[in-house]
Amino acid sequence: MNQDNNQKGNKSYKKPYYVLDMFSYPSGEGLHMGHVKVYTASDIYARHKRMKGYEVLHPTGFDSFGLPAEQYAIKNKVNPTISTKKNSDNFLRQMKDLKLSYDYDNVTSTTDPEFYKWTQWIFKQLYKKGLAYQSHEPINWCPSCKTGLANEDLEGNLCERCGSVVEKRPLRQWVLKITEYADRLIDDLDTLPEWKDWIKDLQRNWIGRSEGSEIDFKLVSQRKDLSFVERDSIGLVGYGTSIETELKNSYENKFTIFTTRADTLFGCTYTVLAPEHNLVSELIKNNIIDNRDEVLKYIAETKNKTDIDRSSEGKEKRGVRLEGVLAVNPANQEEVPVYIADYVLPDYGTGAIMAVPAHDGRDREFAEKYNIAIKEVMQNVSDDKTDSSEEVLINSEEFDGLSSEDAKNKITEKVKGKVVKKYKLRDWVFARQRYWGEPFPIVFAVNEDGSTDYNKPYLVSDVELPVKLPLVESYEPTGTGESPLADIEEFINIYGYIDDNNEFLSCDKTDKRAKIFKRESNTMPQWAGSSWYWLRFLDPHNNTEMFSRERIEKYPEVDIYLGGVEHATRHLIYGRFWYKFLYDIGIVPNIEPFKRLETVGLVLGEGGVKMSKRLGNIINPDDIIREYGVDVTRMYVMFMSPFDGSSAWNAKSLSGMKRFLDRVQSLKNKIGNPCKNVNMMDQTIKKVGEDIELLKFNTAISQLMIALNEFEENGLSLDEYQKFLQLLAPFAPVTFEKLSKDYNMEESWPEYDINKIENNQVTIAVQIAGKMRGTFEIDRDKEDEEVVSKLKEQDIYNKYITSQNIEPKKIIVVRNKIVNVVI
RNA sequence: GCCUGGGUGGCGGAAUGGUAGACGCAAGAGACUUAAAAUCUCUCGAGGAUUACCUCGUGCGGGUUCGAGUCCCGCCCCAGGCACCA
């Protein structure tokens, strides 16, 4: 409350405040009820802040790159620019219908070249800092969308957008090194006290940091013929010599495992490599494995298995032993078998594990299946057997009795391992083989034979930004893993030269310096624009800078950011990553972009099911506004549940809100003497203001209803009437405008008198033996003794205590609230 | 399996450890009306007494406390996220 007092005193200075809601993808369907809920909430919040004297920045715009527009374009042969414009205009029309108080003069869109110029510029900076690189590793390929996808775009093993099973496909990609920011993305969550803990958990979980050790295991060959020779060397003359020679040259190698439980190293009874592990193919190539065919068969099976196949097998752990080799446990030099198994993932940790079946459930399951030894090395010393944190080492001589944590370090040190951190988060696959996205500011040199030399990329000079998307006739992806842009000769082939900054500048073909280059044909993913859009919102018409210094200093961070939870692990991680990067290169002043984050709950269809086209239960905001008016629509959506809760649409409840606003219209007739209940207005001002701050719009509205009930019954003064209208204004702007115009009212938030909030009389509840028995009235803040003596005058006390000849053991008085008689 | 969030009337939902069910919807009764709609008044957790009283009641079982929807322990169920992460 205290920080809100800035409207007093210096009138000319208004404290800046940035209220942002997640901008929308302008679909052909128009706004849905979910939009109405978030946007109305942020609008009420913004209006309230404005009334309290803040200089509120409340912008909107569109995230208009993306597949649906492109698919529409493919089908109808129209450039997505056109359909996108049409849809955005419809969205804006609806937003205005809803009386959302955005700054409509500064609406911008990610597809605006003046916008994506800066998206390209940021990419350039990432590239310059070594945070953008090309990769040919197998990536997730959606055969239906015909494009590569980031891990974040998958649901299980399915394309998040179309539900197709994705394949792994090696494809040239641009990748951003988000993993380099993984620690900061986790650690800096601690600097965000206004974020909900569960959202932070979601992000931590997604990034998935685990701290552990990397330990080398020696791999030695153990040819079957060795044991054969040893057994038979006495008898088989002439055969032994050659084998001995071969043994001397025998294969020796090593591999690195990752573990978070280095303390259990002594309990390792086998090791597992991912079937895809490089060492496995090397062993096969060098003919070290005795059961080569079996191993190859298993590897092939793994390749063909999708994640769905695997889980349908109940995640039973299967694997194949690599016959002929053994791994040496560096802690005790024990030789243990080596397996390959698909429960070890190639792209996490080092793709190899030490298995400790005694202390890991998965390893135990596997060991039991293949009859591998299980060796206990930890003992629980806690009284509470469920507390696994109090384990000490046993069976290791050297380290006996050490606690788990100490043992991790000591053992890692002993075996010359490394303490390392690993993440689930992968680098961000930042290229799509599609038309409707930001082109990369990249060209490639051309080989003598005319082919593109992808090893020689050059950044396009700033003066040539934006690299504009060309107009094309066909938007269909090639399907060969290239974007449709690859076929547009006029776009792809470009003459120019490399300037002093080692950047590409185009020039005329006839220019002496002119050489042919080829443009990058991939485009950026839809997440690119949304990773920084709120910064462009500061200054969308600035055609020389991303935003002016003055603007970023005024609004260095978003004060409150409202949107859907579904963005917690993608947009909000990408956005934080880019913002941190921009901080590192001195563009923005903070380490975190969003000071307070609030997530909206779902608006479900009647009966509590999701609204969907298939079920035909979609409620169209336009229809509701037409039938009931804007204010009823806004207030009903706010009243139906708390902001972060989800609840079902109920057409009948909607008419209750209409009743409320109708009654407000006729409240004017009750103006006269001040309300008998002198506290009502002040209580309401306090409650509504506080609830808006907490986004508890449902209880704010209920307080307005309580006030209305009171005023209808007991009348109200003109002053009370005007204050009531002001409180209503952020919720029901149309009603406010209509009713306030007779009074020449200022649109400011009324103040309350804290001394008037509380009644002089309070109701004390009487509890006898812990049960409620009645109440009595007494002056506020009376001493406990007075409360007790008043209590003893009560009939209820007589009935339960005096007349029963009971002597209370104790009487507990809670000031202004309750007395409890303990008997 | 792991991590979150949640479970309160017929429904949406209120309750800094202090009168459970605010506010609203639906339902019932009544008033107005030729009638209906709208509007207004009253009732509305369950059971029993039927005047103003008692008993039970916030997913289940324990516990802490003068007092628990709220805190602790153990379960069950629902929703979301992650998912063989070593």
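To find a chain, count down the sequence lines: A is the first, B the second, and so on, and within it residues start at 1.
Spacing between atom CD1 of Ile207(A) and atom P of G81(B) amounts to 18 Å, rounded to whole angstrom units. Straight-line distance from the CG atom of Leu654(A) to the P atom of G13(B): 16 Å, rounded to whole Å. Straight-line distance from the CG atom of Asn669(A) to the C1' atom of C40(B): 15 Å, rounded to whole Å. Put simply, CZ on Arg426(A) is 15 Å from C1' on C82(B), counting in whole angstrom units. Between Tyr348(A) atom OH and A83(B) atom P the separation is 12 Å, expressed in whole Å. In this structure, Asp691(A) atom CG and G13(B) atom C1' are separated by 14 Å, rounded to whole Å. Here the C1' atom of nucleotide U65(B) and the CD1 atom of Ile818(A) are 13 Å apart, to the nearest Å. Remark: P of C82(B) and CD1 of Ile186(A) are 16 Å apart, rounded to the nearest angstrom.
Lys658(A) comes within contact range of no nucleotide atom at all, as no heavy-atom separation falls under 4.0 Å. Counting non-hydrogen atoms under 4.0 angstrom, Lys687(A) reaches nothing in the nucleic acid. At the heavy-atom level, Thr775(A) lies under 4.0 Å from base atoms of the strands shown. Note on Thr763(A): a base of the nucleic acid sits closer than 4.0 angstrom, heavy atoms only.
Between Tyr339(A) and Phe366(A), the distance separating the two ring centers is shorter than 6.0 angstrom.
Taking a cutoff of 4.0 Å between a charged side-chain nitrogen and a carboxylate oxygen, Lys408(A) and Glu211(A) do not qualify as a salt bridge. At a threshold of 4.0 Å, the pair Asp183(A)-Lys421(A) counts as salt-bridged, since one of the basic side-chain nitrogens sits closer than that to a carboxylate oxygen. Salt bridge Asp779(A)/Lys790(A): absent, no basic N to carboxylate O contact under 4.0 Å.
Taking only side-chain atoms of Lys652(A), from C-beta outward, the nucleotide of C66(B), U19(B), C25(B) with the closest atom is C25(B). Comparing A86(B), U19(B), U16(B) by their nearest atom to the side chain of Lys817(A) picks out U16(B).
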Pull out every protein N or O sitting under 3.5 Å from an N or O of nucleotides 4-9 of chain B, one pair per line with the distance.
none

Contacts under 3.5 Å, N or O only, protein and nucleotides 22-24 of chain B:
residue : atom : partner   : partner atom : Å
G24(B)  : OP1  : Asn709(A) : ND2          : 3.2

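Side-chain contact between Leu597(A) and Lys200(A) is absent, with no heavy atoms from C-beta onward closer than 4.5 Å. Looking at Lys196(A) and Thr599(A), their side chains never come closer than 4.5 Å, going by heavy atoms from C-beta outward. For the pair Tyr348(A)/Thr350(A), no side-chain contact is recorded, criterion being any heavy-atom separation below 4.5 Å from C-beta on.
One distance of note links CZ of Phe731(A) with CD1 of Ile44(A); it measures 5.0 Å at 0.5 Å rounding.
For the C1' atoms, the distance linking C23(B) with C78(B) amounts to 26 Å, nearest Å. For the C1' atoms, the distance from G59(B) to G5(B) is 16 Å, rounded to whole Å. Comparing U70(B) with G63(B), their C1' atoms sit 15 Å apart, to the nearest whole Å. A distance of about 13 Å separates the C1' atoms of G28(B) and G10(B), rounded to the whole Å. To the nearest whole angstrom, the two P atoms, one in A22(B) and one in U16(B), are 15 Å apart. Between the C1' atoms of C66(B) and U4(B), the separation comes to 35 Å (whole Å). Only the P atoms considered, A83(B) is 47 Å distant from A46(B), to the nearest whole Å. Rounded to whole Å, the P atom of C77(B) lies 23 Å from the corresponding atom of G13(B).
The partner of A35(B) cannot be assigned: no Watson-Crick or G-U wobble pair with both contacts below 3.5 Å exists in any strand. Look at C82(B): its Watson-Crick or wobble partner, with both distances under 3.5 angstrom, is G1(B). With a cut-off of 3.5 Å on both pairing distances, G17(B) has no Watson-Crick or G-U wobble partner at all. Across all strands shown, G9(B) remains unpaired; no Watson-Crick or G-U wobble contact has both distances below 3.5 Å. The partner of C42(B) is G28(B), by the rule that a Watson-Crick or G-U pair needs both atom distances under 3.5 Å.
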Check: Between Asp190(A) and Arg204(A), is a salt bridge (Lys or Arg N to Asp or Glu O under 4.0 Å) present by the stated rule, with each step listed?
Finding: CA-CA 11 Å; Asp190(A) 295 337; Arg204(A) 288 192 191 101; 3.4 Å; yes
Next item on the list: I would like to know whether Asp691(A) and Lys687(A) meet salt bridge (Lys or Arg N to Asp or Glu O under 4.0 Å); could you show each step before the answer?
Entry: CA-CA 6 Å; Asp691(A) 281 355; Lys687(A) 173 81 175 155; 3.2 Å; yes
Next item on the list: Please assess Asp363(A) against Lys317(A) for the test salt bridge (Lys or Arg N to Asp or Glu O under 4.0 Å), listing each intermediate value before the final yes or no.
Entry: CA-CA 9 Å; Asp363(A) 295 345; Lys317(A) 293 185 182 29; over 6 Å; no
Note to self: Checking Asp662(A) against Lys658(A) for the salt bridge (Lys or Arg N to Asp or Glu O under 4.0 Å) test, could you report, in this order, the C-alpha distance in whole Å, the side-chain angles of both residues, the deciding distance, and whether it holds?
What the structure shows: CA-CA 6 Å; Asp662(A) 286 348; Lys658(A) 181 163 163 43; 3.5 Å; yes
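The base of C84(B) is paired with the side chain of Lys317(A) by a donor and an acceptor separated by under 3.5 Å.
When every heavy atom of Pro138(A) is checked against every heavy atom of Lys168(A), the shortest pair comes out as CB-CB, 4.2 Å.
If you find the closest nucleotide of RNA chain B to Asp662(A) and to Val822(A), the one lying nearer the 5' end belongs to Asp662(A). RNA chain B is contacted by both Glu155(A) and Ala765(A); Ala765(A) maps to the nucleotide lying nearer its 5′ end (nearest heavy atom per residue).
Residues from residues 766-774 of chain A placing a heavy atom under 4.0 Å of any atom in RNA chain B, listed by number, are Gln767(A), Lys771(A), Met772(A), Arg773(A).
Residues Lys37(A) and Ser641(A) have side chains that bring a donor and an acceptor to within less than 3.5 angstrom of each other.
With Met33(A) as the fixed residue, the side-chain contact (heavy atoms from CB on, under 4.5 Å) test singles out one of Leu602(A), Leu604(A), Val603(A): Val603(A).
In G9(B) the base sits syn relative to the sugar, since the glycosidic angle is no further than 90° from 0.
Between Lys421(A) and A86(B), a side-chain N or O to OP1/OP2 separation shorter than 4.0 Å is absent.
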